[in-house]
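Quick note: numbers below take in every heavy atom, side chains included, and nothing from hydrogens, waters or symmetry partners. Here is the naming used below: chain letters follow the sequence lines, and residue numbers restart at 1 for every chain. Everything numeric here is computed off the predicted structure, so don't read it as measured data.
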2 protein chains.
Amino acid sequence: MKTKSAVKNKSLIVTLDMVAKESGVSPSTVSRILNGTATVSEDKKKAVDDAIAKLGFIPNPVARGLAGGRTLSIGVVTQALDSPFYGAALRGIEDELDPAGYSPLFVSAHWNITSETRCIDMLRSRRVDGLIVLNGRMSDASLKATAKHLPVVVTGRNIKSPEIFALNFDNFAGGFKATQHLIQLGHRKIAFIAGDMEHPDANERFKGYKSALEAASIPFDPDLVVPGEYHEVSGMLATDRLLSSNRQFTAIFASNDQMAFGAALSLHRHSLRIPDDVSLMGFDDLANSLYCIPPLSTIQQPAYELGRLAASAMLQLLSGQKPTAVMPAPVLISRDSTRRWRS
Amino acid sequence: MKTKSAVKNKSLIVTLDMVAKESGVSPSTVSRILNGTATVSEDKKKAVDDAIAKLGFIPNPVARGLAGGRTLSIGVVTQALDSPFYGAALRGIEDELDPAGYSPLFVSAHWNITSETRCIDMLRSRRVDGLIVLNGRMSDASLKATAKHLPVVVTGRNIKSPEIFALNFDNFAGGFKATQHLIQLGHRKIAFIAGDMEHPDANERFKGYKSALEAASIPFDPDLVVPGEYHEVSGMLATDRLLSSNRQFTAIFASNDQMAFGAALSLHRHSLRIPDDVSLMGFDDLANSLYCIPPLSTIQQPAYELGRLAASAMLQLLSGQKPTAVMPAPVLISRDSTRRWRS
DNA sequence: TTGTAGGCGTTATCAG
DNA sequence: CTGATAACGCCTACAA
């Protein structure tokens, strides 16, 4: 009875020591084979592999982590788990990491710098092998400091540092293209719903907007710019404000799709038709943008791809290579929410 | 120089031993205070607390995990990270776990039973303290087997087992209410876009639909039922099929919001107006459903709440209590996509 | 190429 | 109530 219970309890926890015994070698040899730390004779290797298969041994990542080795886990700091944009990015990360045997540890910082610091501390205490920070808010300096200890990949910031790999999307070009598209359709009065200008991406998109205006010799009108916060409600409110300001405009460029959705609702509530009365342009090309009515014209920023690239860069960093990943250029996606303006 | 470097390297890794030295007690005592494992004299406790604060000590979860204790992490098996529904649930889990000091370990199984098994193995190898399975596909039997080893909370399945806590949403009632709403508006020809009938939730919603029809003495017409897969495209395709089948209908009940979005696009493409020509009803009440045009009438299934409840149930399980969480009843959300049918 | 010994930071089991 | 002492499962010098 005692034996049976012992067997039962242990049956699911096969240790490296057991593999060593089974195959008649020392634990270190097993470890070496597992990690490829040193060359091992073919016959021993085979014996060990057989034992591993027979016993169904799975290395314990926890013990590995403690022993100073790797935990095979990558910390991922995101801002919100339930954001259509980040969600896709996280999936990309997961898909890329999985075949390599790494698992992501997701934490969300909610655009809060304090919480972001806490998250990173937590991840480090859990001994992650690397850190991916998606559009973090924390200072370059502290990021560089943590990069001294473990490989770091960041997105959405221009940071020049040998230890940090930065993956950047050309938000300026995206903002430019979006605005240019509207201009080419004959629009001259183009409202802009901004994001939080503190954040580089929002700022760049705004610059792109202004630059396209300038390139077309259209005077910039500050009254046509309203602040938003990258989510639906703020886009709706911003549009309400625009509408009640008596400013004339024939098109709205919302600097992300979520705000564009909000803007669409506001226009709908005011009995304004898209694109007949107002053209609407978004930014990001979320999965949903294809399914809103009318389907949204937007700038494609491939979130899933972003995740994959960030993760693969991390994998390269981990294996001592220099990552070469680079984000694809912004692509204009013209759907039904924008159309030619006949004055 | 050597000293300085040593200090620098170690400065970020304060161990329990260091705390013990600093406060003049044994490591065991520090551990006891940390975990509340035994009563400790007030003065020692204070000394230790001070030392912890002074040194900025953070327990190492990895070491804890190895030492046979808990890892303070909860495995969460989801089906897709980037799903509007699950995304919200994950956030709920995170929000609930965080204050308790636990961190979630998210993995997605992509509705695949093999991958789900792999995920669970992986989580167990990482020594999670508990497991939350959101709408898993794996058999009740294997779930019960893993529940022998660690606390398990599941959603979306009716499982009677003392070791597993199941959190269920009343999909039948939801399906019933949605259909009833349409009937009360005067609709008699109500099309139904189904989910994968293999899954209990989809099946229950379908039963609710049929039951409401029956309650109103409306004959069930199998030709008005088209299969879908709970995502936008499938909703669009299903509606296309419906439209080309020449079957008359005045309303569509899509058994989740994502399919409703797809249905809306299909209707739009066919120049059919919502709700003037066709009323459209969804299910779930995703964040986006408020922002589509027209805002979608739907059944509210609080995903965020679901996550919080699942996590709090897990916390209770972990502390030896019997969870009492129960999902709120389905609520009908009537917005602009449904309206009275005047024949 | 291989084995032995020690340690990673914490908790658990003993004595006292 | 408190302190040694031994694990936990693995990795990495070091030695052979």
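Closest contact between the side chain of A/Asn35 and the listed nucleotides D/dC11, D/dT2, C/dT2 involves D/dC11. Candidate nucleotides D/dC8, D/dT2, D/dC10 were compared by shortest atom distance to the side chain of B/Arg32, and D/dT2 ranks first. In the set D/dC11, D/dT12, D/dG3, D/dG3 carries the atom at the smallest distance from any side-chain atom of B/Val25. When distances are taken from the side chain of A/Ala67 to each of C/dC8, C/dT10, D/dG3, the shortest belongs to C/dC8. Distance from the side chain of B/Val40 is smallest for D/dT2 among the nucleotides C/dG7, C/dG9, D/dT2. Considering only the side chain of A/Ala63, D/dC10 comes nearest among D/dC11, D/dC10, C/dG9. Distance from the side chain of B/Ser28 is smallest for D/dT5 among the nucleotides C/dG9, D/dT5, D/dG9.
One finds no side-chain N or O of B/Thr15 lying less than 4.0 angstrom from the OP1 or OP2 phosphate oxygen of C/dG9. An OP1 or OP2 oxygen of D/dC1 is reached within less than 4.0 angstrom by a side-chain nitrogen or oxygen of B/Thr39. Look at A/Thr29 and you won't find any side-chain N or O under 4.0 angstrom from OP1 or OP2 of C/dT2. The phosphate of D/dG3 (OP1 or OP2) has a side-chain N or O of B/Lys44 nearer than 4.0 angstrom. Checking the phosphate oxygens (OP1, OP2) of D/dC10, no side-chain nitrogen or oxygen of A/Arg64 falls inside 4.0 Å.
Between the side chains of B/Ser142 and B/Ser139, at least one donor-acceptor pair of N or O atoms lies under 3.5 Å. Side-chain contact annotation: A/Ser108 with B/Glu94, donor-acceptor N/O pair under 3.5 Å present. A donor-acceptor contact closer than 3.5 angstrom is absent between the side chains of A/Thr15 and A/Asp17.
For the pair B/Leu72 CG and C/dT11 P, the interatomic distance rounds to 9 Å; values are reported in whole Å.
B/Glu163 has no carboxylate O lying under 4.0 Å from a charged side-chain N of B/Lys144, or vice versa, which leaves the two without a salt bridge.
Where B/Pro27 and A/Asn60 meet DNA chain D, the nucleotide closest to each residue was compared, and B/Pro27 sits on the side nearer the 5' end.
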Determine, step by step, whether B/Asp49 and B/Lys54 satisfy the salt bridge (charged side-chain N to carboxylate O under 4.0 Å, His left out) criterion, reporting the C-alpha distance in whole Å, the side-chain angles of both residues, the deciding distance to 0.1 Å, and the verdict.
CA-CA 9 Å; B/Asp49 284 343; B/Lys54 179 178 170 192; over 6 Å; no

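When heavy atoms are screened at a 4.0 angstrom cut-off, A/Ser31 is found touching base atoms of the nucleic acid. Across all strands, A/Leu66 comes closer than 4.0 Å to base atoms (heavy-atom distances).
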